[in-house]
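Taking it in order: structure first as structure tokens, then the write-up.
Because only heavy atoms are used, hydrogens play no part in the values below, and waters and symmetry mates are left out as well, while side chains stay in. Each chain gets a letter, A, B and so on, in the order its sequence line appears, and its residues count up from 1.
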Number of protein chains: 2
Amino acid sequence: MCSEPTIKRLSVYHKYLKEVEASGQEFISCTKIAKNLHLLPIQVRKDLSITDIVGKPRVGYHIKDLRDSLDRFLSFGKGVKACLIGAGNLGYSLLRYKGFDEYGLDIKFVFDNNPDKIDTYIDGHQVLDIKNMAEHLSKTEIDVGVLTVPRVYAQTLANKLVECGVKALWNFAPIRLLIPQNVVVKHENIAGSFLVLASRIKQIR
Amino acid sequence: MCSEPTIKRLSVYHKYLKEVEASGQEFISCTKIAKNLHLLPIQVRKDLSITDIVGKPRVGYHIKDLRDSLDRFLSFGKGVKACLIGAGNLGYSLLRYKGFDEYGLDIKFVFDNNPDKIDTYIDGHQVLDIKNMAEHLSKTEIDVGVLTVPRVYAQTLANKLVECGVKALWNFAPIRLLIPQNVVVKHENIAGSFLVLASRIKQIR
DNA sequence: CACTAATCGATATTTTTTTATCTATTTAAA
DNA sequence: TTTAAATAGATAAAAAAATATCGATTAGTG
Ligand SMILES: NC(=O)c1ccc[n+]([C@@H]2O[C@H](COP(=O)([O-])OP(=O)(O)OC[C@H]3O[C@@H](n4cnc5c(N)ncnc54)[C@H](O)[C@@H]3O)[C@@H](O)[C@H]2O)c1
Ligand SMILES: NC(=O)c1ccc[n+]([C@@H]2O[C@H](COP(=O)([O-])OP(=O)(O)OC[C@H]3O[C@@H](n4cnc5c(N)ncnc54)[C@H](O)[C@@H]3O)[C@@H](O)[C@H]2O)c1
């Protein structure tokens, strides 16, 4: 289909185009997009070639058409049903984040094992007892399990989620999960990202 | 030096080795590391070759030596001085995250523009008025600006941080910042990551 | 109306990252 | 002591991603 870096950039173009669209412009070129997003025009052009939109030489792309096309292309997030495990700092933050709505992420359940958290509400989501997870997931089919629990519990909970039939895991704990081939896993390693940044700072000195 | 994916994986090996070390084992092979982390042995071996540790055939690496070496290698995070802008959901979460301490990230200042937040404390960090940012940063040299503000403010604040002399930006807003060449930028696109995951779910169906 | 400069889109090249192959070494068992 | 199996490490190949090249097209200009 298209590469991971490309999908991420497409989501950035999408937001950018909405901004430009709002300003009333009708056409925009790769050159301009690239300049404003600190990228190379060739890369933008290549990324955008996954859409069905053809640009006009000398003018660029029709902004509304392009944005529409990206809307359609990025619609694979629509109606993805998720449950989040671990209503801690990060879980709380993700639950309150409005940006996912735009892509259609639908968080159906939130689970935790801390009695102080169970039955509280976070942004309209009731925190449920992890003990009842299997029961809830047997009644409502869930696509993605979002793991925002401490590292040591991540693998065990991942196994349980897989048993419950989730198709994918979105894991924020700094561990690589051991998971059957047919289950999709996306690891988010924020602390690792910090190290990448730190190493780059060291390099330039 | 070494690639971005490699640094991220090294941070994962590091945590994993500490775990195995605690269990009392003395040696470990690439094969075993790979099996437990769902990776290929060749990749693990290649990643670990950046360390000065040589493995013994048939046995693998001396765990303590390897962990020590990774400690040293991953030390480029040590003493990195940062300020965080935007004490909202995500900022709060990052401030309370203990995992960065291990890598030596030192968040010196937290800024926000919301009067309700200014002068409150988050995990021991006083939230300061963004108006006084330049003043604070002129007194204490800061390496990294962490941006956890809404998208629309990110570029403006990035510019201010650069004026104040930060060497790097760690940006969590879904926008690509326009920044001088000599400033390092690391973009974290969590919503984009969700799209990557969603697209992979679509593919396997 | 012709000319110029900008930009698209297809194709090609380069670079980066991952994966494979092969040889030498070492340990543990025969 | 010999032999077989496992694995490191060097080198090579493949795959993925980024970047470059170039002809075709078109809006604007003289
Ligand atoms: N907070 C961050 O900014 C941040 C950054 C990078 C990585 N992470 C990672 O994200 C994960 C969560 O971090 P956090 O800061 O939100 O931690 P946290 O301690 O604030 O939250 C963890 C939550 O998980 C719950 N939990 C623990 N065990 C559970 C179980 N068995 N079943 C159900 N719920 C359980 C806890 O009750 C708690 O609410 C960690 O793995 C951390 O390494 C967090
Ligand atoms: N929360 C998440 O899980 C999440 C996920 C993905 C991306 N993000 C991105 O991270 C950023 C922050 O998200 P959030 O959910 O924490 O938002 P938020 O609204 O909770 O927090 C933003 C904070 O920034 C402060 N702020 C706004 N303008 C400011 C200014 N000019 N100077 C100083 N402070 C200012 C606000 O007062 C607020 O405290 C956004 O760009 C968002 O897109 C967040």
Side-chain angles (χ1 to χ4, degrees), chain A residues 1-13 17 20 25-63 65-66 69-70 176 181 185-187 189 192-193 196 199-200 203, chain B residues 1-13 17 20 25-63 65-66 69-70 176 181 185-187 189 192-193 196 199-200 203:
Chain A
M1 212 240 297
C2 86
S3 77
E4 172 157 336
T6 296
I7 292 181
K8 286 198 176 189
R9 283 192 300 270
L10 287 172
S11 77
V12 173
Y13 304 150
L17 287 174
V20 182
Q25 277 182 258
E26 202 179 348
F27 285 90
I28 194 161
S29 70
C30 282
T31 320
K32 187 156 179 219
I33 296 176
K35 198 168 279 174
N36 282 301
L37 303 181
H38 238 203
L39 292 166
L40 295 173
I42 315 110
Q43 189 167 49
V44 176
R45 200 170 306 139
K46 190 136 192 199
D47 287 340
L48 293 181
S49 70
I50 62 98
T51 68
D52 47 359
I53 303 302
V54 291
K56 271 193 195 173
R58 188 79 206 247
V59 175
Y61 303 93
H62 190 264
I63 295 176
D65 288 352
L66 187 57
S69 182
L70 285 177
R176 283 191 58 98
Q181 287 288 336
V185 189
K186 179 102 184 70
H187 291 103
N189 185 352
S193 261
V196 172
S199 84
R200 292 218 214 122
Q203 274 178 321
Chain B
M1 213 242 295
C2 85
S3 78
E4 171 156 337
T6 296
I7 291 181
K8 287 199 176 189
R9 283 192 300 269
L10 287 171
S11 77
V12 173
Y13 304 150
L17 287 174
V20 182
Q25 277 182 258
E26 202 178 348
F27 285 90
I28 194 162
S29 69
C30 281
T31 319
K32 187 157 178 218
I33 296 176
K35 197 168 283 174
N36 283 301
L37 303 181
H38 239 202
L39 292 166
L40 296 173
I42 316 110
Q43 189 168 48
V44 176
R45 193 146 46 222
K46 189 131 195 204
D47 287 341
L48 293 181
S49 70
I50 62 96
T51 67
D52 47 0
I53 301 303
V54 291
K56 274 191 195 175
R58 189 80 207 247
V59 176
Y61 303 93
H62 191 265
I63 296 175
D65 288 354
L66 186 57
S69 182
L70 284 178
R176 284 191 57 97
Q181 286 288 336
V185 190
K186 179 100 184 73
H187 290 104
N189 185 352
S193 262
V196 172
S199 85
R200 292 218 214 122
Q203 273 178 321

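If you measure from atom OH of B/Y61 to atom C1' of D/dA6, you get 13 Å, rounded to the nearest angstrom. The distance from atom CD1 of A/I50 to atom C1' of D/dA17 is 16 Å, rounded to the nearest whole Å. As a whole-Å value, the separation of B/L48 CG from D/dT7 C1' is 13 Å. One interatomic measurement links the two molecules: CG of B/D52 to C1' of D/dG9, which rounds to 15 Å at whole-angstrom precision. Separating the CD atom of B/E4 from the P atom of C/dT16 is a distance of 13 Å, rounded to the nearest angstrom. Residue B/I28 contributes atom CD1, which lies 10 Å from atom P of D/dA8 at whole-angstrom precision. Taking atom CG on A/L40 and atom P on D/dA20, their separation rounds to 6 Å, with Å as the unit. Atom CD1 of B/I7 and atom P of C/dT16 are 14 Å apart (whole Å).
For C/dT18, the OP1/OP2 oxygens have no side-chain nitrogen or oxygen of B/R45 closer than 4.0 Å. Close to C/dG9, at under 4.0 Å from its OP1 or OP2, lies no side-chain N or O of A/S49. The side chain of B/S3 contributes no N or O atom lying less than 4.0 Å from OP1 or OP2 of C/dT16. Listed pair A/T31 / C/dT7 meets the phosphate criterion, a side-chain N or O lying under 4.0 Å from OP1 or OP2.
Separating the CZ atom in A/R200 from the NZ atom in B/K186 is a distance of 6.0 Å, to the nearest 0.5 Å. Considering NE2 of A/H62 and CD of A/Q25, their distance stands at 11.5 Å, rounded to 0.5 Å.
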*Applying side chain to side chain contact (heavy atoms under 4.5 Å, CB included), run through B/L10 and B/L70 and close with a yes or a no.*
CA-CA 7 Å; B/L10 287 171; B/L70 284 178; 3.7 Å; yes

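Within 4.0 Å (heavy atoms only), A/I42 reaches at least one base atom of the nucleic acid. Note on B/P5: only backbone sugar-phosphate atoms sit closer than 4.0 angstrom, heavy atoms only; bases stay farther off.
B/I28 has its side chain within reach of B/L17: a pair of non-hydrogen atoms, C-beta onward, lies under 4.5 Å apart. The shortest side-chain heavy-atom distance between B/I53 and B/L48 does not fall under the 4.5 Å cut-off.
Crowding of A/K8 atom NZ: a count of heavy atoms from other residues, nucleotides or ligands under 6.0 Å exceeding 12.
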Restricting both atoms to N or O, compile the protein contacts to nucleotides 25-30 of chain D shorter than 3.5 Å, with distance only.
unit_1	atom_1	unit_2	atom_2	d
D/dA27	N3	A/R58	NH1	2.8

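Of the two residues contacting DNA chain D, namely B/C30 and A/D47, the nearest-nucleotide position lying further toward the 5' end is that of B/C30. The residue among A/K46 and A/I53 whose nearest nucleotide of DNA chain C is located toward the 5' end is A/I53.
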Donor-acceptor contacts, no H, no angles, side chain residues 35-46 of chain A, under 3.5 Å, sequence neighbours left out:
unit_1	atom_1	unit_2	atom_2	d
A/N36	ND2	A/Y16	OH	2.9
A/N36	ND2	A/K32	O	3.1
A/H38	NE2	B/I179	O	3.1

